[in-house]
Amino acid sequence: MLLYVLDLIGVAVFAVSGALAAGRKRLDLIGVLALALVTAIGGGTIRDVLLDRHPIFWLADPRYIVVITVSGLGTVWLVRHQRTRPHETAMLVADALGLALFSVSGAQIAERAGISAAGGIVLGTVTGAAGGAIRDVLSAEIPVVLRRGSLYATAAIAGTGVYFALEALGVARGAATLVGMGVVASVRFAAIWWGLQLPEFRLHTDEHPIGDASRDAPSDA
Amino acid sequence: MLLYVLDLIGVAVFAVSGALAAGRKRLDLIGVLALALVTAIGGGTIRDVLLDRHPIFWLADPRYIVVITVSGLGTVWLVRHQRTRPHETAMLVADALGLALFSVSGAQIAERAGISAAGGIVLGTVTGAAGGAIRDVLSAEIPVVLRRGSLYATAAIAGTGVYFALEALGVARGAATLVGMGVVASVRFAAIWWGLQLPEFRLHTDEHPIGDASRDAPSDA
Amino acid sequence: MLLYVLDLIGVAVFAVSGALAAGRKRLDLIGVLALALVTAIGGGTIRDVLLDRHPIFWLADPRYIVVITVSGLGTVWLVRHQRTRPHETAMLVADALGLALFSVSGAQIAERAGISAAGGIVLGTVTGAAGGAIRDVLSAEIPVVLRRGSLYATAAIAGTGVYFALEALGVARGAATLVGMGVVASVRFAAIWWGLQLPEFRLHTDEHPIGDASRDAPSDA
């Protein structure tokens with residue numbers, strides 16, 4: 001039941017992120033709902049296909065489509081009268097919440113299917129990141145997961161890893177789930193607002209490197 | 001049987017759209033056939049995977065690959081001696097026919113699988129739009145489905161919606177299918193040739209909006 | 001057993017190509033591992049999904065994730081101290097090896113599933129090309145498979161075709177597999193180093209063609 005509510009919240013926030021991304025590209029109303037839908041169902045669909053869970057969650061239960069449509073329309077209505085343009089932060093926050101919810105719930109579903117912890121971490125990360133990646137690719141944007149300094153995959157791997165670690169230590173599943181999700185969201189928020197970074201992997205170590213870190217454009221994670 | 005013929009025509013026209021898109025990017029002959037194939041099988045493959053229909057249609061029946069190859073080669077042969085370059089309209093027309101055929105047949109297949117009308121509309125739209133979206137992403141183009149004014153998703157939703165509505169009113173399946181497909185194609189043709197539009201979803205309502213509708217570049221749907 | 005070893009080598013080289021592509025985009029360490037993973041599992045995952053083989057190979061056997069992680073980290077470590085930047089050739093070589101391994105093994109797996117030779121050639125080509133295409137799309141690059149002169153799909157079709165032809169002639173499966181893989185790799189190496197090309201499919205035959213072949217930018221296959 002907890003998982004069901006979390007899945008619904010997860011599709012809702014991913015739908016909001018998709019609607020905001022569509023608004024930034026000035027799509028028409030149906031384009032907004034279409035991008036919201038694809039973003040919201042993308043991760044869970046890939047998860048269900050990989051784990052051979054049929055029918056796919058949104059085919060089996062029309063409430064998901066309803067939640068997505070309401071979230072998309074709600075986003076349109078709420079931002080209709082804004083005077084200023086950029087809502088990229090709002091989109092990244094909604095996306096971070098979706099990542100947190102879907103990555104850990106995806107790891108949990110993999111675990112129940114008998115998958116190893118390593119496989120669960122990978123599947124959870126793919127489940128959490130796929131929706132946003134599809135949204136970004138369709139909007140002709142570099143996927144957030146690959147932007148330097150985004151810590152997107154890091155957040156998902158950390159959160160799902162903490163989930164499995166806590167369970168191994170005997171913590172109850174519900175608590176481990178919530179803590180794991182909190183870790184994912186916290187890492188992404190730290191990247192969005194504080195510029196938290198990992199070391200870079202460079203292909204060269206020139207004395208005068210092309211694009212020295214101190215001279216690079218600020219991270220747009 | 002009607003569904004089989006419509007599926008074959010659908011892959012044929014999507015193959016033509018993929019071949020034309022490849023020609024516009026000046027790919028070599030195999031590149032043309034590869035893009036034609038991916039465009040043609042993309043939507044139906046996603047449909048079969050989501051509905052757990054195995055074997056996948058083109059793996060079970062080699063006639064699809066034959067139809068795709070012939071359509072691709074035929075497109076190459078027919079346009080070999082053209083003097084003028086742009087065939088984007090030809091590609092969009094072929095694509096609109098493919099969208100019409102695959103979206104309504106996809107909705108029908110979902111219906112037979114016991115899916116709700118809402119799920120059928122979504123699945124039909126995804127089935128119809130996926131092939132073109134894959135073609136566009138691989139060609140480094142903004143997917144037609146997301147271009148402002150394309151009415152691409154609108155067309156699919158309208159046509160599949162009309163299909164279910166007519167059925168609920170007692171119209172025979174075959175007639176409802178053909179009318180639904182006609183609606184999809186008509187909406188797309190209206191967008192391509194007459195610039196039919198939906199209201200925009202803007203993130204702001206400045207007195208001097210960035211990119212005022214009357215000053216925007218003409219729709220390239 | 002041969003197929004298992006080839007699959008492991010295939011994911012390893014695709015992981016290397018993904019890690020090199022990530023390094024060229026200056027991603028952080030987790031970004032490198034994420035792109036390496038997606039590139040390495042992409043083709044085999046699509047193959048298993050299309051052929052309804054569950055559990056998916058990397059979910060069933062954690063060794064794949066281990067091999068991918070080690071390959072990714074190994075690539076990072078080996079190139080850490082390079083002075084010069086471009087490693088696109090290294091990436092293309094790793095990618096060509098992955099294409100060779102995965103396309104022919106994919107064709108063989110399709111054959112065992114009872115698929116026709118035509119379907120096996122298509123499935124093998126899709127299996128071999130998908131990982132690299134996903135890597136390229138996520139890196140905001142034109143997929144290698146579509147770049148003019150890449151002979152990417154040609155290589156896969158040739159190699160898988162040779163595999164089926166040799167088998168039909170009575171050659172042992174293991175030998176046919178290795179020869180087929182050699183054909184794929186050879187065609188790609190010929191394209192990378194010698195500029196081997198196929199005739200172009202042009203949409204027009206102007207006396208002064210836009211982008212005359214002799215005046216075009218050199219192939220960047």
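Owing to the predicted nature of the structure, the values given are computational and were not obtained by experimental measurement. Note on naming: letters A, B, ... go to the chains in the order of the sequence lines (proteins, then strands), and numbering restarts at 1 for each one.
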Worksheet item: What orientation do C/Phe57 and C/Tyr64 show, parallel under 30°, tilted 30 to 60°, or perpendicular over 60°?
Response: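 It falls in the perpendicular class, over 60°.
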
Discussion item. Against B/Leu92, only a single residue in B/Val144, B/Leu97, B/Leu20 fulfils side chain to side chain contact (heavy atoms under 4.5 Å, CB included); can you say which?
Written reply: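 Testing B/Leu92 for a side chain to side chain contact (heavy atoms under 4.5 Å, CB included) against B/Val144, B/Leu97, B/Leu20 leaves exactly one candidate, B/Val144.
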
Item to complete: For chain C, find its close neighbours in residues 39-50 of chain B: heavy-atom separation under 4.5 Å, sorted by number, or none.
Response: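 The residues closer than 4.5 Å to chain C, in numerical order, are B/Thr45, B/Val49.
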
Discussion item. Taking salt bridge (Lys or Arg N to Asp or Glu O under 4.0 Å) as the criterion, tell me which of B/Lys25, B/Arg24, B/Arg135 meets it with B/Glu141.
Written reply: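 Only one option passes, and that is B/Lys25.
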
Item to complete: Answer yes or no: is there a side-chain heavy-atom contact under 4.5 Å between C/Tyr163 and C/Val179?
Response: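 No, every pair of side-chain atoms sits at 4.5 Å or beyond.
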
Item to complete: Taking the side chain as every heavy atom from C-beta outward, state whether C/Arg147 and C/Tyr152 have any atom pair closer than 4.5 Å.
Response: no

With only heavy atoms counted, which part of [X] is less than 4.5 Å from chain C, the side chain, the backbone, both or neither?
X	value
B/Ser139	backbone
B/Leu33	neither
B/Ile65	side chain

Worksheet entry | Side-chain (C/Asp95) to main-chain (C/Ser17) donor-acceptor, under 3.5 angstrom |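 Here the side-chain-to-backbone pair does not exist.
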
Worksheet item: Looking only at heavy atoms, which two atoms of B/Ala22 and B/Val32 are closest? And how far apart?
Response: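 Closest pair (atom of B/Ala22, atom of B/Val32, distance): CB-CA, 3.6 Å.
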
